[in-house]
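Here's the structure, in structure tokens; my notes come after.
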There are 2 protein chains.
Amino acid sequence: MHAIEGAGARTGPPGLRERKKRRTRDTLIRCALELFALQGYERTTVDAIAEAADVSPRTFFRYFAGKEEVAFALQDSVESSFCAALRERPAAESPLAALRGAVLTSWDKLGEDVGSIVPLELHMRTYRMIESTPALLAVHLRRLSEVEERLAHEIARREGLDLAADPRPRVLLAAFGGVMRVTGRIWGEQGGAGMTELRRIITAHLDQLGPALAENWRT
Amino acid sequence: MHAIEGAGARTGPPGLRERKKRRTRDTLIRCALELFALQGYERTTVDAIAEAADVSPRTFFRYFAGKEEVAFALQDSVESSFCAALRERPAAESPLAALRGAVLTSWDKLGEDVGSIVPLELHMRTYRMIESTPALLAVHLRRLSEVEERLAHEIARREGLDLAADPRPRVLLAAFGGVMRVTGRIWGEQGGAGMTELRRIITAHLDQLGPALAENWRT
DNA sequence: GAGATTATGGCAGCGTCTGACAATTGACAA
DNA sequence: TTGTCAATTGTCAGACGCTGCCATAATCTC
């Protein structure tokens with residue numbers, strides 16, 4: 001099998017081979033993100049990343065499908081933790097309230113998954129880099145739309161609805177995802193703001209979802 | 001100047017050179033879209049497009065910044081016609097109603113701009129190709145977010161608001177754009193449906209925007 | 001028609017990414 | 001310990017996207 005594989009259920013000690021692979025992968029991620037932050041995404045070649053991680057360029061492509069993928073390696077953790085947080089929301093909450101709660105709590109536990117591989121500050125720098133690099137922003141938006149689809153399924157499940165018949169879950173996630181995108185963009189634009197500021201922007205924008213759809217804005 | 005240039009105000013007869021450039025550009029677009037439809041986007045090389053259009057590969061890149069750009073050449077017309085339609089909506093309409101009206105009317109006048117370069121059926125095939133090709137879908141979403149930003153400015157202007165202070169225009173466009181995306185995806189998935197079906201999906205989903213944000217979905 | 005502009009073609013080269021093959025390394029059993 | 005098998009890795013060659021540079025050919029201006 002290849003370098004990426006799901007950890008089987010009956011794995012006692014990971015074994016030397018597994019540990020080495022994991023270490024190589026983490027090293028590649030760290031070297032890549034550091035180089036990206038240092039000299040930008042486009043001006044960092046795969047050869048440079050491979051050299052910094054002390055592997056051949058060919059090996060890089062055995063761990064990541066492309067240069068883009070390594071930039072999003074940590075976003076994977078963030079997204080799956082968001083999905084997990086939604087599943088754990090109490091069933092009594094309304095769909096929108098559940099989403100709102102999930103995003104706020106998942107931000108809190110973010111440091112645990114990410115911090116073990118890369119300093120948190122570097123991760124946030126990477127996020128701003130994604131937002132400001134056209135090629136990466138495009139991929140980011142596509143990934144977000146995939147997350148939206150997963151979340152729409154979860155909302156439909158919570159409410160006992162059929163996604164094919166009822167458009168509300170997808171419409172809700174379209175609106176919610178849109179707010180998340182705008183939030184991320186505004187947050188990224190204002191330099192090195194921290195988590196607290198991000199929570200403030202998110203809640204403020206979510207609160208405006210209803211008013212924005214109202215007929216008359218002059219009240 | 002390069003091949004692409006804004007038509008100056010005082011151009012009487014376009015001149016042979018201008019006509020030739022326009023023809024080359026249209027030919028490149030037509031050849032590219034036909035090849036894309038025939039054998040897919042990724043398996044169509046720039047060399048093949050250039051050969052079909054009877055120009056050198058080097059010339060192709062003088063008309064388009066990349067292979068992606070030619071795939072979106074016609075989307076440009078669609079988007080700008082949408083923006084123009086919004087500007088022409090009566091000021092009395094609510095923001096959401098104006099957006100809804102603009103998208104519906106701009107679909108109607110779509111055939112005029114596009115049809116002169118490429119058969120409308122090919123254009124719709126191209127749209128479905130964009131939706132189903134990951135690399136193109138990513139770029140498509142980024143372009144949509146740029147359109148959203150332009151439309152948010154227009155809405156803010158209509159309502160006499162300051163975009164930096166009032167988040168409602170961006171929130172509205174985030175929700176509206178999200179619905180447009182979901183609509184396009186669903187429409188693309190169900191094969192060769194026509195314009196009528198597309199209008200039906202759009203209006204049905206827009207009507208669900210309010211209900212989707214409601215507290216209780218079981219009514 | 002002469003000269004200035006501009007589009008085009010050809011070429012060399014960089015960077016991303018892939019397939020094929022050989023060499024190395026870890027896993028496991030005799 | 002040693003031999004065997006499988007997995008990981010490095011090397012090489014090459015396709016493809018894209019760009020800079022310069023010479024050529026077409027068009028425009030006078």
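FYI, side chains are in, hydrogens and waters are out, and symmetry mates aren't considered; it's all heavy atoms of this structure. Quick note on labels: first sequence line is chain A, next is B, and so on, each numbered from 1.
- The distance from atom CG of B/Asp54 to atom C1' of C/dT8 is 12 Å, rounded to the nearest whole Å.
- Partners of B/Glu154 by side-chain hydrogen bond (donor to acceptor under 3.5 Å, both in side chains), not counting sequence neighbours, listed by chain and number: B/Arg157.
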Quiz item: What one-letter contact string describes nucleotides 23-30 of chain C from 5' to 3', where B marks a base within less than 4.0 Å of any protein heavy atom, S marks contact via sugar-phosphate atoms alone, and - marks no contact?
Solution: --BBS---

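- The CD-C1' distance, from A/Glu69 to C/dC17, rounds to 13 Å in whole Å.
- Applying the salt bridge (Lys or Arg N to Asp or Glu O under 4.0 Å) definition to pairs two or more places apart or across chains, none involves residues 39-48 of chain A.
- One finds the CD1 atom of B/Ile29 at 11.0 Å from the CD1 atom of B/Ile49 (value rounded to the nearest 0.5 Å).
- Residue A/Glu79 places its CD atom among more than 12 non-hydrogen atoms of other residues, nucleotides or ligands, all under 6.0 Å distant.
- Not a single salt bridge (Lys or Arg N to Asp or Glu O under 4.0 Å) links A/Arg17 to another residue, sequence neighbours left out.
- B/Lys67 has its NZ atom 10 Å from the P atom of D/dC16, to the nearest Å.
- For the pair A/Arg23 CZ and D/dT9 C1', the computed distance is 15 Å after rounding to whole Å.
- Contacts of A/Thr27 classified as side-chain contact (heavy atoms from CB on, under 4.5 Å), with partners at least two apart in sequence or in another chain: A/Arg23, A/Arg30, A/Cys31, A/Ala53.
- Listed in residue order, the members of residues 28-41 of chain A having a heavy atom less than 4.0 Å from DNA chain D come to none.
- Among residues at least two apart or in separate chains, salt bridge (Lys or Arg N to Asp or Glu O under 4.0 Å) pairs with a member in residues 166-175 of chain A are A/Glu149-A/Arg170, A/Asp166-A/Arg168.
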Filtered N/O pairs between nucleotides 19-23 of chain D and protein, under 3.5 Å:
from	atom 1	to	atom 2	distance (Å)
D/dG20	N7	B/Arg58	NH2	2.9
D/dG20	O6	B/Arg58	NE	2.6

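- Qualifying salt bridge (Lys or Arg N to Asp or Glu O under 4.0 Å) partners for B/Glu148, counting only residues two or more places apart in sequence or in other chains: A/Arg181.
- Within residues 44-52 of chain A, the residues that place at least one heavy atom under 4.0 Å from DNA chain C are, in residue-number order, A/Thr44, A/Thr45, A/Val46.
- Considering only residues two or more places apart in sequence or on other chains, A/Tyr127 meets the side-chain hydrogen bond (donor to acceptor under 3.5 Å, both in side chains) condition with A/Glu131.
- Nearest-nucleotide positions on DNA chain D for A/Phe60 and B/Glu68 put A/Phe60 closer to the 5' end.
- Phosphate proximity of C/dA7 to B/Tyr63: absent, as no side-chain N or O sits under 4.0 Å from OP1 or OP2.
- Near DNA chain C, meaning a heavy atom under 4.0 Å away, there are no residues from residues 129-142 of chain A.
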